[in-house]
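Let me begin by presenting the structure, written as structure tokens, before commenting on it.
Since this is a predicted model, take the numbers as computed values, not measurements. In what follows, residues are counted from 1 in the order of the sequence shown.
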Amino acid sequence: MASEISPKADISPKAKIGDNCKIYPFVYIEDDVVIGDNCTIMPFVSIMNGTRMGNNNKVLQGSVLGAKPQDFHFKGERSEVVIGDGNVFRENVVINRATHTGGQTKIGNENFFMEGSHVSHDTKVGNYCVLGYGAKISGDCIIGDGAIISSVVIQHVNTRVGEGALVQAGNAFDKDVPPYIIAGGWPIGYSGVNSMMLKSYGFDEKTIKHIANAYRLVFHGQTSLYDAILQIKEQVPDGPEIQKVIKFLSETKLGIVGKKTF
């Protein structure tokens, strides 16, 4: 089915628009843009060079996709933002493309970006994530599948948020947030396992208990992170979720929120 494109939209003839899209008046789309099928682009949206968008996405008023990176290392190079399928970008969302040639900012599938949220250059967002009102994600960050970044959160550069984690509203953090936990308080720290969400993902009680025991060793034991990882391997029954926890903790470069360095 042909796309419905308003004659009042300013769309480059070089842009590639899929089938059955609806593009409203006053949308601006530059040359080097690819938009998949069944996308809805509301008024006053700007989609800039380097944007690669999949199918069934909705972009609401005032959003900017593929904005130039706010990075002093950016010298005008060609780069991309790659967006999957089924995402919702509410009003005034900004997604920056990558800084350097060959780089990509990546957005997975079925994510929900609330009003005023911002994802900076070269950041990778997984699938089924939620970014709350005014959440600001710095450059070169990673957000795992199913993570929730609540309203007015600031995620500092190069940090990671693990799968299924929840960062509570109003926090800023400059260390990694491990999988499956709630990160909150002031200063930000460990506030327990994200058990409600894990149950909704289909985790059984035994698995949730094992995850909680692993993090009890990390956050309540008087040991280094290295020793806590060894204790997890020795004391917590193995499983794919525990392996993800161990891998995440082992790969941290900036440290873990709420964990003192020994």
Side-chain angles (χ1 to χ4, degrees), residues 62-64 67-74 81 87-99 105-108 111-198 215 218-220 224-225 228 245 248-262:
S63 291
V64 182
K68 291 181 180 179
Q70 298 180 48
D71 182 352
F72 292 120
H73 295 101
F74 177 64
V81 53
N87 298 286
V88 177
F89 302 91
R90 290 299 303 261
E91 297 82 356
N92 305 312
V93 171
V94 177
I95 311 292
N96 292 115
R97 61 186 173 95
T99 296
T105 302
K106 288 188 176 181
I107 309 295
N111 298 291
F112 194 97
F113 297 82
M114 294 187 184
E115 183 271 327
S117 55
H118 183 173
V119 176
S120 296
H121 64 89
D122 298 282
T123 283
K124 310 295 188 285
V125 179
N127 307 309
Y128 309 106
C129 298
V130 176
L131 268 66
Y133 296 101
K136 306 299 181 184
I137 312 302
S138 301
D140 296 291
C141 291
I142 296 174
I143 299 176
D145 293 346
I148 299 175
I149 311 296
S150 302
S151 299
V152 204
V153 165
I154 299 175
Q155 180 174 351
H156 286 232
V157 65
N158 289 317
T159 54
R160 302 177 300 153
V161 175
E163 176 181 324
L166 165 64
V167 182
Q168 293 181 330
N171 278 290
F173 60 98
D174 57 5
K175 296 183 179 180
D176 293 342
V177 176
Y180 315 127
I181 77 163
I182 297 171
W186 190 262
I188 191 169
Y190 175 66
S191 297
V193 171
N194 193 10
S195 56
M196 184 178 296
M197 289 303 300
L198 295 182
Y215 284 124
V218 173
F219 292 106
H220 299 309
S224 67
L225 181 61
V245 170
F248 188 97
L249 296 176
S250 299
E251 292 177 349
T252 188
K253 297 177 180 179
L254 300 177
I256 301 297
V257 294
K259 177 62 177 176
K260 294 181 180 178
T261 302
F262 289 90

Least distance between heavy atoms, Ser120 atom then Asn96 atom: CA-OD1, 3.6 Å

With a 4.5 Å heavy-atom cut-off, do Asn158 and Lys253 have their side chains touching? no

Suppose we screen for side-chain hydrogen bond (donor to acceptor under 3.5 Å, both in side chains). Which residues come up paired with Asp176, at least two apart in sequence or across chains? Arg160, Thr252

Side-chain polar contacts of residues 123-135 - donor-acceptor pairs under 3.5 angstrom, sequence neighbours left out - could you list them?
unit_1	atom_1	unit_2	atom_2	d
Thr123	OG1	Ser138	O	2.7
Thr123	OG1	Asp140	N	3.4
Thr123	OG1	Cys141	N	3.0
Lys124	NZ	Gln104	O	2.9
Lys124	NZ	Asp122	O	3.0
Asn127	OD1	Asn109	N	2.7

Going by heavy atoms in the side chains, are Phe219 and Ser191 under 4.5 Å from each other? no

dist Thr159:OG1 -> Phe173:CZ (nearest 0.5 Å) comes out at 4.5 Å

Nearest-0.5 Å distance, OG1 of residue Thr99 to NZ of residue Lys68: 13.0 Å

Interatomic distance, CD1@Ile149 vs CD@Gln168, rounded to 0.5 Å, equals 12.0 Å

Here the gap from Ile148 atom CD1 to Ile143 atom CD1, rounded to the nearest 0.5 Å, amounts to 11.5 Å

Min side-chain heavy-atom separation Trp186-Asn171 under 4.5 Å: yes

By side-chain hydrogen bond (donor to acceptor under 3.5 Å, both in side chains), which residues pair with His220, not counting sequence neighbours? none

Between atom NZ of Lys106 and atom CD1 of Ile142, what is the distance when rounded to the nearest 0.5 Å? 11.0 Å

Are more than 12 heavy atoms from other residues, nucleotides or ligands located less than 6.0 Å from atom NZ of Lys136? yes

Smallest heavy-atom separation, Val218 atom then Ala228 atom, equals CA-CB, 3.9 Å

Using side chain to side chain contact (heavy atoms under 4.5 Å, CB included), reason through Leu166 and Met197 one step at a time and then give a plain yes or no. CA-CA 9 Å; Leu166 165 64; Met197 289 303 300; 5.9 Å; no

Begin with the C-alpha distance, continue with both residues' side-chain angles, and end with the deciding distance and a verdict on side chain to side chain contact (heavy atoms under 4.5 Å, CB included) for Ser117 and Val93. CA-CA 5 Å; Ser117 55; Val93 171; 3.6 Å; yes

Checking Thr105 side chain against His121 main chain: does a donor-acceptor pair fall under 3.5 Å? no

Salt bridge (Lys or Arg N to Asp or Glu O under 4.0 Å) filter on Glu115, not counting sequence neighbours, yields none

Do Glu163 and Tyr180 have side chains that get closer than 4.5 Å, going by heavy atoms? yes

Quick one: are Ile256 and Tyr190 in side-chain contact, heavy atoms under 4.5 Å? no

With heavy-atom distances below 4.5 Å as the criterion, would you say the side chains of Pro178 and Val245 are in contact? no

So, does Asn87 use its side chain to make a donor-acceptor pair with the main chain of Gly108 at under 3.5 Å? yes

Those residues that, when tested against Ser63, pass side-chain hydrogen bond (donor to acceptor under 3.5 Å, both in side chains) (two or more places apart): none

The side-chain hydrogen bond (donor to acceptor under 3.5 Å, both in side chains) partners of Ser151 (sequence neighbours excluded) come to none

